[in-house]
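The structure under discussion appears below in the form of structure tokens.
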Amino acid sequence: MEKIKMTTPLVEMDGDEMTRILWKQIKDELILPFVELKTEYYDLGLVHREETKGQVTIDAANANKKYGVAVKCATITPNAQRVKEYNLSQMWKSPNGTIRAILDGTVFRSPIMVKGISPVVKTWKEPITIARHAFGDVYKATEYRVPGPGKAELVYTGEDGTCFRETVYDFECPGVLQGQFNKDSSIRSFARSCFQYALDTRQDLWFSTKDTISKQYDHTFKDIFQEIFEAEYQARFEAAGITYFYTLIDDAVARVIRSKGGFIWACKNYDGDVMSDMVSTAFGSLAMMTSVLVSPEGNYEYEAAHGTVTRHYYKYLKGEETSTNPVATLFAWSGALRKRGELDGLSALGVYADALESATIETIESGVMTGDLCAMWEGDVPAQKVSSLEFLRAIRTRLEQKLG
């Protein structure tokens with residue numbers, strides 16, 4: 001078949017370790033044979049981030065703002081052990097956090113469901129979508145290792161000369177400090193994104209924080225959501241037959257576990273990070289979840305919601321065969337190509353993306369899958385564990401049939 005021609009590039013953000021290997025395999029097996037791929041390439045691998053002193057991440061995010069659609073591989077956020085392993089000059093911050101701060105959007109994550117793999121929570125019958133605020137909080141926090149006794153203070157100096165000062169803690173011994181922030185403007189964008197996404201998908205929207213403890217920080221989120229809902233969305237929600245409600249995050253967790261699914265759960269940045277992993281794992285696997293960052297300006301960044309699969313990467317380096325699940329990374333590519341086609345008026349890209357996703361799901365439902373899914377398989381046919389590359393080639397066979 002003739003390859004599908006693209007008109008506008010995708011922003012391609014390459015990553016680290018095993019997901020970097022899968023990234024290339026997905027392109028070679030499932031994209032380049034069918035699409036005349038146009039990308040603006042950025043290497044966000046940790047080695048290149050060190051070489052550019054983190055500038056490549058900023059450049060990639062700005063390119064996303066220029067072209068509108070990006071696809072990102074999983075990347076390492078280094079800890080002390082990684083600093084030593086990669087001989088880094090500093091403990092570089094999360095690339096995802098940097099990109100999200102520049103785009104100031106909302107991350108929507110939803111599990112990929114297949115027949116034969118039942119959620120661990122037996123009441124769940126429909127996907128639960130996590131809407132994660134993608135700005136501020138712990139990801140942009142300022143931290144300090146307190147060396148010994150002393151007073152820590154929170155100080156704000158306004159442009160008009162007003163000053164707020166309050167003691168955080170009188171340290172009698174070494175400890176740690178962390179100061180985090182958020183902005184009303186970003187919280188408002190987050191709220192509107194969630195309300196609009198709920199309307200677009202006709203799903204109920206839940207929002208949760210811990211305002212009983214955090215009476216300023218979390219309470220501000222709660223108040224802004226309620227203000228915008230009442231002023232802009234309440235009538236539209238009623239007309240659509242959907243609901244919005246707020247509850248404490250511990251109560252939300254209990255409600256989620258007892259629910260049947262089929263709603264959007266909006267969370268602050270860190271809460272969304274944790275809860276999306278919980279939801280995806282309970283639905284089947286961390287590698288079976290879509291993730292898209294949507295900015296207020298309508299820019300999109302598609303990614304896998306999981307990490308770089310370090311353990312499998314070390315096996316790969318030893319020449320051992322791995323059975324790493326590539327589905328989330330594959331769906332990041334299909335999502336980005338679908339959106340690129342939608343924005344450029346190229347329906348063929350959308351048809352291709354739909355075919356790629358259905359070929360992937362059908363391959364799993366036929367019993368061919370990676371090792372992580374075999375352990376959860378309850379289908380009518382026996383599970384056949386295959387390597388990552390064998391899995392991608394099985395998908396390709398179905399994809400070729402679908403595309404004729």
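Side chains included, hydrogens not; waters and symmetry mates left out as well; all remaining heavy atoms used.
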Practice prompt. Check the pair E17, T310 against side chain to side chain donor-acceptor pair (under 3.5 Å), reporting the backbone distance first and the verdict last.
Written response: CA-CA 6 Å; E17 298 188 322; T310 305; 2.7 Å; yes
Could you walk me through whether T247 and W206 satisfy the side chain to side chain donor-acceptor pair (under 3.5 Å) test, starting with their C-alpha distance in whole Å, then the side-chain angles of each, then the deciding distance to 0.1 Å, before giving a yes or no?
CA-CA 8 Å; T247 188; W206 302 9; over 6 Å; no
Between D14 and Y42, does the side chain to side chain donor-acceptor pair (under 3.5 Å) criterion hold? Intermediate values first, please.
CA-CA 6 Å; D14 210 343; Y42 293 87; over 6 Å; no
- Begin with the C-alpha distance, continue with both residues' side-chain angles, and end with the deciding distance and a verdict on side chain to side chain donor-acceptor pair (under 3.5 Å) for D273 and Y139. CA-CA 11 Å; D273 191 0; Y139 301 87; 2.4 Å; yes
- Task: Tell me, with the steps shown, if R255 and D251 meet salt bridge (Lys or Arg N to Asp or Glu O under 4.0 Å).
- Result: CA-CA 6 Å; R255 289 173 179 262; D251 178 60; 2.7 Å; yes
| said: If you apply the rule salt bridge (Lys or Arg N to Asp or Glu O under 4.0 Å), what do you find for K315 with E321, and how did you get there? | reply: CA-CA 7 Å; K315 290 179 62 178; E321 189 175 79; over 6 Å; no
Chi angles and distances behind the salt bridge (Lys or Arg N to Asp or Glu O under 4.0 Å) call for D170, K151: CA-CA 4 Å; D170 280 313; K151 182 167 68 173; 5.5 Å; no
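Separating the OG1 atom in T220 from the CG atom in D211 is a distance of 10.0 Å, to the nearest 0.5 Å. Atom CG of L349 sits about 11.5 Å away from atom OG of S334, to the nearest 0.5 Å. In this structure, CE on M289 lies 11.0 Å from CE on M113, to the nearest 0.5 angstrom. The distance from the CZ atom of F34 to the CD atom of E2 is 14.0 Å, given to the nearest 0.5 Å. Annotation: the span from H219 atom NE2 to I213 atom CD1 amounts to 11.5 Å, rounded to 0.5 Å. One distance of note links OG1 of T324 with NE2 of H306; it measures 9.5 Å at 0.5 Å rounding.
Within a 6.0 Å radius of NZ in K210, more than 12 heavy atoms belonging to other residues, nucleotides or ligands are found. Atom NZ of K122 is surrounded by more than 12 heavy atoms from other residues, nucleotides or ligands within 6.0 Å. Within 6.0 Å of the CD atom in Q216, the count of heavy atoms belonging to other residues, nucleotides or ligands does not exceed 12. No more than 12 heavy atoms of other residues, nucleotides or ligands lie within 6.0 Å of CG in D380, so this atom counts as exposed by the packing criterion. Heavy-atom neighbours of K84 NZ from other residues, nucleotides or ligands within 6.0 Å: at or below the threshold of 12. Annotation: Y270, atom OH; neighbour count of heavy atoms from other residues, nucleotides and ligands within 6.0 Å does not exceed 12. More than 12 heavy atoms of other shown residues, nucleotides or ligands fall within 6.0 angstrom of atom CZ in R236.
The minimum heavy-atom distance linking K93 with T77 is given by the pair C-CG2, 4.3 Å.
Ring geometry for W23 against W333 counts as tilted: the plane angle lies between 30° and 60°, on a 0 to 90° scale. A parallel orientation is assigned to the rings of Y313 and Y316, their planes being inclined by less than 30° (bins at 30° and 60°).
Inspection of the E153 and T167 side chains reveals no N or O donor paired with an N or O acceptor under 3.5 Å. For the residue pair S186 and H133, a side-chain donor N or O sits within less than 3.5 Å of a side-chain acceptor on the partner. Using modelled atom types and a 3.5 Å distance limit, the side chains of S388 and Q25 yield no donor-acceptor pair. A side-chain donor-acceptor contact under 3.5 Å links S208 and W265. Looking only at atom types and distance, the side chain of D137 has a donor-acceptor partner in the side chain of Y217 under 3.5 Å away.
For the pair R109 and Y302, the cation does not sit on the ring face, since its NZ or CZ is not both under 6.0 Å from the ring centre and inside 45° of the axis.
Using a 4.5 Å heavy-atom cutoff, the side chains of L37 and L337 are in contact. Side-chain contact between F225 and Y244: present, with at least one pair of heavy atoms (C-beta onward) separated by less than 4.5 Å. Side-chain contact between K24 and R20: absent, with no pair of heavy atoms (C-beta onward) separated by less than 4.5 Å.
In this structure, the ring of F190 has its center no less than 6.0 angstrom from the ring center of F135. Aromatic rings from F164 and Y156 are positioned such that their centres are separated by 6.0 Å or more. Centroid-to-centroid, the aromatic rings of F245 and F207 stay 6.0 Å apart or farther.
For the side-chain contact (heavy atoms from CB on, under 4.5 Å) criterion with D16, the lone passing option out of L44, I21, I76, D43 is I76. When each of M6, M13, E12 is tested with L10 by the rule side-chain contact (heavy atoms from CB on, under 4.5 Å), just one qualifies, namely M6.
R393 has no carboxylate O lying under 4.0 Å from a charged side-chain N of E390, or vice versa, which leaves the two without a salt bridge. Taking a cutoff of 4.0 Å between a charged side-chain nitrogen and a carboxylate oxygen, E342 and R338 do not qualify as a salt bridge. Remark: R100 does not engage E301 in a salt bridge, criterion side-chain N to carboxylate O under 4.0 Å. Using a cut-off of 4.0 Å between Lys/Arg side-chain N and Asp/Glu carboxylate O, R340 and D344 are scored as salt-bridged.
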Tell me which donor-acceptor pairs under 3.5 Å the side chains of residues 57-74 have, and how far apart each pair is, sequence neighbours excluded?
{"from": "D59", "atom 1": "OD1", "to": "Q55", "atom 2": "NE2", "distance (Å)": "2.9"}
{"from": "N62", "atom 1": "ND2", "to": "I58", "atom 2": "O", "distance (Å)": "3.3"}
{"from": "N64", "atom 1": "ND2", "to": "Y300", "atom 2": "O", "distance (Å)": "3.3"}
{"from": "Y67", "atom 1": "OH", "to": "E40", "atom 2": "OE1", "distance (Å)": "2.9"}
{"from": "K72", "atom 1": "NZ", "to": "T75", "atom 2": "OG1", "distance (Å)": "2.9"}
{"from": "K72", "atom 1": "NZ", "to": "N96", "atom 2": "OD1", "distance (Å)": "2.8"}

What donor-acceptor contacts under 3.5 angstrom involve side-chain atoms of residues 363-376, with partners at least two apart or in another chain?
{"from": "T363", "atom 1": "OG1", "to": "A359", "atom 2": "O", "distance (Å)": "2.7"}
{"from": "E365", "atom 1": "OE2", "to": "K115", "atom 2": "N", "distance (Å)": "2.9"}
{"from": "S366", "atom 1": "OG", "to": "T363", "atom 2": "O", "distance (Å)": "2.6"}
{"from": "T370", "atom 1": "OG1", "to": "D372", "atom 2": "OD1", "distance (Å)": "2.7"}
{"from": "D372", "atom 1": "OD2", "to": "S285", "atom 2": "OG", "distance (Å)": "2.9"}
{"from": "D372", "atom 1": "OD2", "to": "N325", "atom 2": "ND2", "distance (Å)": "3.0"}

